[in-house]
Novice: 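Let me begin by handing over the structure; questions about it come next.
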Amino acid sequence: MSSDQAQEKENELEDNESAENHLATVKELWVYLWPAGRTDLKIRVVLAMAFLVMAKVIGVYVPFLFAGAVDALTGETETTGTMIAVAVPVGLIFGYGTARVLTQAFGEIRDAIFVRVGQNALRNIALNTFRHLHLLSLRFHLERRTGGLSRVIERATRGIDFLLRFMLFNIIPTIIEIGMISTIFWVKFGFLYAFITFVCLSSYIYFTIAVTEWRLKYRREMNKQDTKANGRAIDSLINFETVKYFTSEHHEAARYDKSMRNYAKAAERSQISLTLLNVGQGFIISGGLVAVLLMGANGVAEGRFTIGEFVLINSLLIQIYIPLNFLGFVYREIKQALVDMEKMFMLIAKNPEIKDKDDAEDLKITDGEIEFNDVCFQYNEDRQILNNVSFTVKGGTTTAVVGSSGAGKSTISRILFRFYDISSGSVKIDGQDIRDIRQKTLRQEIGVVPQDTVLFNDTIKYNISYGRHDATDEEVFEAAKLAKIHDFILRLPDGYDTEVGERGLKLSGGEKQRVAIARTILKNPAILLLDEATSALDSQTERDIQESLEKISEQRTAIVIAHRLSTIINVNEILVLDNGEIAERGNHTELLEKQGLYYQMWQKQQQLDEAQRRLIELEKNDENACIIEA
């Protein structure tokens, strides 16, 4: 099977699955349009439907007024007296104009009444999606593509708006109008007129749907390439510095252009197929219109119909064909909207990996003791990360976790914060299993300073106060002082109102890390998780920050994930991880005396530090020599 055939089969399966899920998607949307406990919105829905029906009834009656005016002007209507002969067509013409105004006015009133319902539905759907995304696990967010995800939400929101406007106020009114006009043809002109009109309309609808289904593959390809191009563009811009480091601007532009080229090809094919659709629709409309008008003209010639009735036939047909002109577009967009909505509702329906139990209780901190009992964990089934890890961190003490890259150090902090649930064993805080307590109360008591700090694209003050949203300015300043960043901020032109840029890129790595430390200090948690908290700092600042961290850790339980062993020599206990197991444990002095893994790591770092000191001295000597020569 070729790749194109495989893709077509995949698309066919997608269409079948989507067809089964469209009804479920509409039901999901109806919950938002008919919200429980919102009587005011339900009344608006009923009123909007009432005005919709009134607008269509008056709209169908408009051609009758015009036909009556034609008959009056051509002498088909029997009138006595000059005044009446003039008044009848004038009255009908005024009635015709009034009816047209009322049709439009009722339509506008309908929209004005319904807008609050529609906007409320859009707001609640968007809000629920946003909240649900924050409920999903870290695993989901590590695997997602931000550009593609934002596109799914954007398309779905736009699709809901389209569906509300066109499904409710275009498709349903058109169906009502078709039924009314077909009945009028049958009653007033006979079965043959109604039959031809019905066949013409049925042929038009069938042709439109069939061609639109055929065209969907081009639309699908357009969306695919659009999502791919958008994802690549956002990914490239997020990694702006990396692109510059490797002078890959041309490469990134070529990748983006490839997706846009494919999008352009699909768009061209879509436009050509649209031309075929429009021509076919025009042929069917004209064929049906000519057939019925010929019959009507024959009826006028035989004296069975008046000129006004001939005009009425034409007006009714034109009136029903005008909304049908958009049927292909509306059908395609509604189907695409349903698919896009389905993807977002599937996202909302995606179960969070980490969930609170029904009987989950709030965390109650007494001493802040942390206990890992025979903890096993793996991100994937084929790779064990932690294997029967057991240790206890007494309340108010500090424990450091060290080891080679990939040993599972950061995994311990993620498990404690409950980004992931363990495979077996237990993790307890003051005797309470963290799986039995509410995530919110657990995370409120834990302050994290991550190794890779990401800031919001806002001011420095906002990013620090994120630790506690109700903090006063004085508390923010005090936290910044403890993090050794207050003086730096004051030297900036805009001070605490300085914008940090996307992900905090306007600040250096050390400055970002100090902001992260400040907001954690402001949070004032009972438990601290420091994941390489000073890795991006220079030696002097590191020593200053270390003093501050030791000070704020005095009354708290702390776990320090460390790479630089010199920063943890004063902690109460050090755990040495190796291949997911605790290979050694003890304080700094005890571990050095064992001359095991920790001793080897210490020796290597001492050698690296010594080499770095010598390099710095050589550079200083070279600078001094250059100054003397000068």
Side-chain angles (χ1 to χ4, degrees), residues 3-4 6-7 10 133 136-155 218-270 340 343 347 379-380 383 404-406 409-411 414 419 449-460 463 492 498-516 531-538 561 563 608 612 615 619:
S3 60
D4 290 340
Q7 183 64 45
E10 183 182 337
L133 287 173
L136 294 178
S137 66
L138 179 64
R139 192 191 309 274
F140 170 83
H141 288 281
L142 291 176
E143 293 174 355
R144 67 174 164 79
R145 293 182 68 89
T146 306
L149 183 63
S150 66
R151 211 62 162 181
V152 167
I153 297 172
E154 178 189 339
R155 281 206 203 107
Y218 301 125
R219 178 60 181 244
R220 186 182 291 110
E221 181 63 20
M222 286 171 63
N223 283 344
K224 177 183 174 183
Q225 296 303 329
D226 179 46
T227 300
K228 187 179 290 186
N230 189 65
R232 284 178 174 174
I234 290 179
D235 202 29
S236 178
L237 292 173
I238 288 175
N239 290 281
F240 170 80
E241 291 180 63
T242 305
V243 174
K244 291 295 182 184
Y245 291 151
F246 296 94
T247 59
S248 295
E249 294 90 344
H250 179 72
H251 171 73
E252 292 297 322
R255 291 178 73 223
Y256 180 73
D257 186 51
K258 181 180 178 182
S259 296
M260 293 306 296
R261 255 198 328 270
N262 292 335
Y263 175 86
K265 288 179 183 177
E268 185 179 344
R269 291 170 184 166
S270 178
D340 291 337
K343 288 179 181 177
L347 192 64
Y379 293 106
N380 301 306
R383 186 189 172 200
S404 59
S405 179
K409 303 187 299 295
S410 295
T411 300
R414 288 177 172 180
F419 275 140
V449 180
Q451 180 179 5
D452 183 20
T453 300
V454 178
L455 302 181
F456 291 96
N457 190 0
D458 210 304
T459 64
I460 292 177
N463 277 282
L492 297 172
T498 301
E499 298 280 342
V500 302
E502 189 85 25
R503 298 188 303 135
L505 290 176
K506 290 183 179 180
L507 301 181
S508 70
E511 290 158 359
K512 285 197 296 182
Q513 210 155 30
R514 279 182 280 173
V515 170
D531 190 354
E532 304 282 4
T534 59
S535 61
L537 303 176
D538 59 83
I561 311 298
H563 174 69
L608 287 172
Q612 191 173 11
L615 183 61
E619 288 177 349

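It should be emphasised that the depicted structure is a prediction, and the values quoted were computed from it without experimental measurement.
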Novice: So, taking the atom named CD in Glu252 and the one named OG1 in Thr242, what distance separates them when rounded to the nearest 0.5 Å?
Specialist: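 With rounding to 0.5 Å, CD (Glu252) is 9.5 Å from OG1 (Thr242).
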
Novice: Heavy atoms only: give me the nearest Ser410-Asp531 pair and the separation to one decimal.
Specialist: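 Ser410 and Asp531 have their closest heavy atoms at OG-OD2, 3.0 Å.
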
Novice: Once you round to the nearest 0.5 Å, how far does CD of Glu511 lie from CD1 of Ile460?
Specialist: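 Between Glu511 CD and Ile460 CD1, I get 8.0 Å after rounding to 0.5 Å.
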
Novice: For Asp458, which residues count as a side-chain hydrogen bond (donor to acceptor under 3.5 Å, both in side chains) partner, sequence neighbours excluded?
Specialist: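 By the side-chain hydrogen bond (donor to acceptor under 3.5 Å, both in side chains) rule, Asp458 matches no residue at all.
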
Novice: With a 4.5 Å heavy-atom cut-off, do Gln225 and Lys258 have their side chains touching?
Specialist: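 Answer no - side chains too far apart.
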
Novice: Where the side chain of Lys409 meets the backbone of Ser404, is there a donor-acceptor pair that is under 3.5 Å apart?
Specialist: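 Yes.
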
Novice: Grab the two heavy atoms, one from Met222 and one from Ser270, that are nearest each other, plus how far apart they are.
Specialist: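 Looking at all heavy atoms of both residues, the closest pair is SD-CB, 3.8 Å.
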
Novice: Tell me every residue that passes ring-ring contact (aromatic ring centres under 6.0 Å, His included) with Tyr263, counting only those two or more places apart in sequence or in another chain.
Specialist: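 Partners of Tyr263 by the ring-ring contact (aromatic ring centres under 6.0 Å, His included) criterion come out as none, since no residue qualifies.
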
Novice: Compare every heavy atom of Thr459 with every heavy atom of Asn463, then report the nearest pair and how far apart it is.
Specialist: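 Scanning both residues completely, I find the closest heavy atoms to be ND2-O, 2.9 Å.
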
Novice: Closer than 3.5 angstrom, by distance alone: can the side chain of Asp257 be matched with the main-chain N or O of Ala253 as a donor-acceptor pair?
Specialist: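 Checked: no pair found.
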
Novice: Do Val500 and Val515 have side chains that get closer than 4.5 Å, going by heavy atoms?
Specialist: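 Side chain of Val500 against side chain of Val515, heavy atoms only: no contact under 4.5 Å found.
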
Novice: Specify the closest pair of heavy atoms between Pro450 and Gln513, including all atoms of both residues, with the distance to one decimal.
Specialist: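 Reported closest heavy-atom pair: O-NE2, 4.0 Å.
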
Novice: Counting only heavy atoms not in Glu268, do more than 12 sit closer than 6.0 Å to its CD atom?
Specialist: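 No - once you tally the heavy atoms of other residues, nucleotides and ligands closer than 6.0 Å, there are 12 at most.
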
Novice: Closest approach of Lys506 and Glu499, non-hydrogen atoms and distance?
Specialist: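 The pair with the smallest heavy-atom distance is CD-O, 3.4 Å.
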
Novice: Would you compute the distance between atom OG of Ser236 and atom NE2 of His251 and round it to the nearest 0.5 angstrom?
Specialist: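 It is 9.0 Å, given to the nearest 0.5 Å.
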
Novice: Supply the atom-to-atom distance Lys265 NZ to Tyr218 OH, rounded to the nearest 0.5 angstrom.
Specialist: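 Those atoms lie 13.5 Å apart.
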
Novice: Could you point out which residue of Lys228, Lys224, Arg232 forms a side chain to side chain donor-acceptor pair (under 3.5 Å) with Ser259?
Specialist: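 Between Ser259 and the candidates, side chain to side chain donor-acceptor pair (under 3.5 Å) is satisfied uniquely by Arg232.
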
Novice: Which distance, rounded to the nearest 0.5 Å, do you find between the CZ of Phe240 and the CG of Asp235?
Specialist: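 Between atom CZ of Phe240 and atom CG of Asp235 there are 14.5 Å.
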
